[in-house]
Each structure stands twice: as C-alpha cells, then as structure tokens.
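Take a look at the structure below.
From a predicted model like this one, the values you see are computed outputs, not experimental measurements.
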Amino acid sequence: MTYDAGSYEVAVIGAGHAGIEAALAAARLGCSTLVFTINLDAVGNCPCNPSIGGTAKGHLVREIDALGGEMGRAADACTIQSRMLNRGKGPAVHSLRAQIDRMQYARTMKHTLETCPNLTLRQGEIVKLERGEKGWLLTSRLEGVYTCQTVILATGTFLGGKVFVGDVSYESGPDGMFPAAFLPDSLRQLGISLRRFKTGTPARVLKSSIDFSNLEVQQGDEPLVPFSYDTEEPLENKAVCHVSWTNDETKQVILENIHRSPLYGGQIEGIGPRYCPSIEDKVVRFPDKPRHQLFIEPCGLDTEEMYLQGMSSSLPEDVQVAFYHTIPGLEHAQIMRSAYAIEYDCCDPLQLSATLEFRDFPGLYGAGQFNGSSGYEEAAAQGFVAGVNAALKVQGKEPFVLDRASSYMGTLIDDLITKGASDPYRMMTSRSEYRLVLRQDNADERLTPLGRKLGLISDRRWEKFQKKQEQKQAELKRVQRTTLPPSEELNAILVSRGTSPVSTGVKLADLLKRPQITYQDLEPVDKERPDFPQAVLENVEIELKYEGYIKRQKADIAEMRRLEQKALPGNVDYSQVQGLRLEAGEKLNRVKPENIGQAGRISGVSPADISVLLIWLAARERGQREGDRET
C-alpha cells in the first residue's frame, strides 16, 4: 500500500558526483530539493580511482568551481598529493590532477549535502517514475510516493548494474552496493531509450605486501595549485605514488586465459570505454607493445588499500592473482578487492536538449553516466547544469546553456546531445576546437560572471574575482608600457635562455612574448614589478605569448556564435526539406538541433547540407514576414 511521502520542487535520483552537484545547485538556487541514494554511505563515493582531475578533467573541475559548484572545494579539502599534468606542453593542455583521500571526500560531500538549506537527503531506492497531474511521481521501494515538479536522473552505474569477474556474474552496483534493479523497466515503459555500457576498476592491494624498493617514486608538485578559487590555505603533499610496468610474463598469463574473460567470451553485452581499456583489452589490442605502465596510488591516509591505476580487469580472480604477481613490486601483493567489470543501463543522450532536459519529457533531466559519459568530473559538470536548469524551470526563468566556446562543460554537453555516445564518453582537450581560449587558468574569467548572475557566487568570492581581474589588467598595461634598457644583466639572461640579446630599449611585453622567456627569468631586471599572485602573472604571460593564436580562435568563436543565433524550429520534418541528403535528413530528425551551428556538428551532416539549411531557413523566414504583412 503506497502512501503520500510529500512534495518537492526538484528530485535527484542518485548521490554520486552528478547527483551531488545537481542537488546543491538546485537547493542553493532556492528550490526544495530531495536527493535519493540507495545507501547513504555511498554519497560521494569514488568507486574507481582515488583522484579528481586529470587531462581535460581538471579543466572541468575548475569550471564547475568558477560557476559556484562544489567538486573543487571538496577535492582541495581532501588532497593528499597534487600534480599539474602536461607541463612540458602548451598551456592549453595543462591540467590539474589530485590524489584524494576517498573516504574523507565521501564524508565531506555527505556533510555538505546534510547541512545545505532547502535540501533533504534520503536513503531509498526509486523503483517507478511516472507523470502525474501535478508533476512527476516517484515511488520508492518502501512504497512512498513523492510528487516532484522536476526530476534529475543521476544513477551512475547503479541502473541495472551487473558485476563480472571471470565466469561469475551477479546483479550489483559498484563497491558491492545494491543495484537499481526496477527503475530501468519503468524508464522503458515511459518511452526513454536505454542502452548497455560497461566500465571496470582494478584490484586494491595491501600496502605492506608491496615491495617499493625498486619502484619509481612519483612525487607531487611544489607548491601545490588548488582546484578552487575559494581555497586560500596552502595545500601540502602528504603521500607519494609509485610507477611500475607489466612485462612479457604478464602478457603471457593474460593471453593464456583470455578465453576466461567475459569481455571476450561474450557474457558482457555493454560497450566499454575506448580510452580507458582493461589490461586484457590493452594486451589484445596492442600486441606489439612490450609493456604497459601502471601507477600504484594510495586510497587515503587512514587505509592500507593501494589502487593499481591502469590495471582494470574482468578476468577470474585466480588469473588476476597470477598476472598481478608478475609485475615488479607486486610479486607478493595481497589483493584486498578484486578487479571487476560492471555493466549498466544508460540513456541515448540524443534525446536531450542543451539544458539536459529530455525533449519529449518536460521536467525530466539526465546527468552523468546515465547520459553515456564516464568519469567523476564529466558527471559533476552535467549534474551542475541539470540542477541549475531544473531550478530555473521551476522558477519560470530562462534556461542556462553553455556553448562550446564558453567552456569544456559546454563542449561535453554539445558533443553528447549532437553526436551521441557509442561508448562511454570521456572529456579530452582534443575535443575542444577552442582549447587555447578555454584554458584552466582563465576558467574564472570565463564563467564566474555567469555564476554570479545565477546567484551561486558569494559577495566575498565576487570581490576576490574582481580584484584579480583588476590586477591582471593593470599588469597588462604595465608590461606594455614599461621599457627595459639594454644592459649586461638583461643580455646575460636572454643569452642564457637561448634567445638573442638586445641593443636598444625593449618593452617588457615583447620580451615575454619570446617563447624562451618567462616572468621568473626577468625578475632580476624588472625592478618595478608589483607583488601580484602567481596566477595573475601566469594569465598575463599566456595571453601575451599566444596573442595571435588567441585572436584567431576568438574570430572562429564569433563565426560559430553567428551560426548559433540562427535558430531552427523544433517541429520540422527534415526529410521534407528539398536538397538535403537522405542521411542528413535522418540525422537532423533524430537530433532536432536547436540552431544552425549545432546542426553543423552532427555527424553525417555536411557543409553542403548546412548551405541547403541556410537557404531553406532564409526562405522560411521571408515567407513568414510576407505572411505577417498580409495579415
């Protein structure tokens, strides 16, 4: 017998990384928000790697923080080691990655939800979702019926979850939690298209059973760079990681038992992540590669569990023991948690709009792995956007949409809703055509004004942001007007850095444009330099060095936005548009792009098709204007 369990403006199903950001954004915007999780101890869980950030993922964390989200603050509070990746490359691909204490991270996020005004955190499994007269009806397994104006599906890998270890398989969520076993059927009955994806995680091994004596030590950076613009206390490295490699013996053990892998035996139906394959997949797909790297990472400061980054597997437990023991340092490793693959249901993201709302189901949103993506950071980014838009819909306000030129978050969502996801989508810097403009160092400049407009940036944070921008502009003006006279000291610096000396006065800005020269190099001769934060100087130096490239990308952005302003009607049958190729008509009908720019990014829609659409749209608008004059 069901009972009325109450009414809320926003309901979030799932309290992983997507659900957390969605719930906090909606509640902070003033909506009564209810969050469901199958197990309260799984709030903010990191079932795979104990880290936040990484290549392109660090950009997402910075952007979430710049808008007023939570992931960056929590990661900083739980950091035990931090490194800036890709320092040897250009600034567009510099990405922060932090090892975190995964249990502390979960506790921190749970407490943030528990203490957030307007937010109710509830342990419970939702088994049925249906539309009612006053909104969406959510039925729990304990027969409570909740009425909610908007709903965000952030189910992670719990939805229809099934774990595989060799020929053993069973219904399960990650980390031995119960799966969401009943909700998939309800979603299918509603008319939502679902598919099966797969991901996996490596074994955890006992620290005392590892021989670290001959392993490469990977230290953290000094000083540490925080994720959050709110973080003011200096962070410190509290742990180190280690590096090891597989070998021919590892490869032999895996190949001799490959027939026992559910991935190759046909038991797993779901499609796995292309850019994060299991070790058996690596061995099969790259037969000529003599070895594969793995990182041995601590799971926290108060646990002896060590994570084997790069070694996910679904092979049987006895095979896992055998191949792990072939790896230097792990010859006597004791497995505490076996590696496993997990298969789960997710939606086809082509059903979603740029707000992450289902086009055919107003008030219903998807976020995170439910949308076909992979990764904590990708999930959190979508959760934030879905939570903001659910709140704005309740309040009758204009939706919040990020385009490709504004952020990696916008690129991520645009890719999902226009190209779909044939395998779990992972954010990479190469996915952004505007990555020199969308750097992690300027995430606040790009997005904090938007977060302030939403109401998610505090007065203190806004004042701090404005001060930083004032310092940046002041420093740009200073280096552009300051002339350094030629001197032995200056020329010695220039020659030592492999660049030509000067015989006349030279602007500081022109010196900083030289690729060999940094702010730090010029410190001895730059006597009037103000005491600005390193982040300000870094931002100025990048903009000077890459000024020409940035200008070109901004011109490309202007053209993209010109096409984005050409809105397409939502009720068009593109198969009836004369001149469009058959494939283009089918793809356009499936995606229903909101504008010409989005249409041009759909796979299978050519530049010639876009020309046809522009001509058709102009004729349609002309016909409407003539019709208006006649009436």
Side-chain angles (χ1 to χ4, degrees), residues 190-195 346-366 371-373 382 385 389 393 398-406 409-423 425 431-434 555-631:
L190 193 62
I192 292 174
S193 174
L194 299 179
R195 77 271 292 274
C346 57
C347 82
D348 180 351
L350 294 179
Q351 300 167 96
L352 305 171
S353 71
T355 63
L356 296 180
E357 184 178 26
F358 280 86
R359 289 193 302 269
D360 295 335
F361 303 98
L364 183 63
Y365 298 78
N371 289 351
S373 65
Q382 294 169 70
V385 171
N389 278 301
K393 189 177 188 73
E398 288 294 310
F400 175 70
V401 174
L402 294 168
D403 65 23
R404 299 182 71 85
S406 70
M409 293 170 69
T411 304
L412 160 67
I413 292 170
D414 187 71
D415 278 351
L416 287 172
I417 68 171
T418 60
K419 300 172 184 176
S422 57
D423 53 77
Y425 178 100
R431 293 193 189 272
S432 173
E433 59 270 50
Y434 309 120
D556 293 339
I557 288 170
E559 173 60 16
M560 185 274 286
R561 287 191 167 145
R562 184 184 70 83
L563 294 175
E564 297 273 309
Q565 290 172 0
K566 294 184 179 294
L568 288 166
N571 57 349
V572 179
D573 180 359
Y574 288 98
S575 65
Q576 301 302 309
V577 176
Q578 191 172 3
L580 275 182
R581 294 176 306 111
L582 180 62
E583 180 189 6
E586 290 175 352
K587 293 289 182 68
L588 289 163
N589 275 332
R590 187 180 179 197
V591 176
K592 292 293 185 186
E594 297 174 15
N595 53 64
I596 290 289
Q598 198 178 82
R601 295 189 292 272
I602 297 171
S603 175
V605 178
S606 70
D609 296 318
I610 295 301
S611 296
V612 170
L613 274 182
L614 285 168
I615 293 168
W616 169 82
L617 188 61
R620 187 177 189 273
E621 291 172 348
R622 187 168 55 250
Q624 287 177 338
R625 286 195 299 270
E626 290 172 355
D628 290 343
R629 281 198 296 269
E630 289 174 4
T631 56

Is there a donor-acceptor contact under 3.5 Å from the side chain of [X] to the main chain of [Y]?
X	Y	result
K587	T418	no
E357	S353	no
Q382	I413	no
R620	P569	no

Working to the nearest 0.5 angstrom, can you tell me the gap between [X] [atom1] and [Y] [atom2]?
X	Y	atom1	atom2	value
Q351	D360	CD	CG	7.5 Å
F358	L352	CZ	CG	5.0 Å
L412	S432	CG	OG	11.5 Å
L568	L613	CG	CG	6.0 Å

Is it true that [X] and [Y] make a salt bridge, defined as a side-chain N closer than 4.0 Å to a carboxylate O?
X	Y	result
R404	D415	yes
R601	E564	yes
D348	R590	yes
R562	E559	yes

* **K419 atom NZ, neighbour heavy-atom count above 12 within 6.0 Å** => yes

* Any side-chain donor-acceptor pair under 3.5 Å between D609 and S606? -> yes

* Can you find a side-chain donor-acceptor pair between S575 and D573 that sits under 3.5 Å? -> yes

Do [X] and [Y] come close enough that some side-chain heavy atom pair is under 4.5 Å?
X	Y	value
V385	T355	no
Y365	N371	no
I557	R561	yes
L194	I192	yes
L588	V577	no
W616	L580	no
K566	L614	yes
L563	M560	no

* Do you know the tightest heavy-atom contact between P349 and A421? -> CG-N, 4.0 Å

* Asked: Can you list the steps and then say if Y434 with S406 is a side chain to side chain contact (heavy atoms under 4.5 Å, CB included)?
  -> CA-CA 9 Å; Y434 309 120; S406 70; over 6 Å; no

* **Stepwise side chain to side chain contact (heavy atoms under 4.5 Å, CB included) check, L356 with N389** => CA-CA 8 Å; L356 296 180; N389 278 301; over 6 Å; no

* Stepwise side chain to side chain contact (heavy atoms under 4.5 Å, CB included) test for Q598 and I417 -> CA-CA 9 Å; Q598 198 178 82; I417 68 171; 3.7 Å; yes

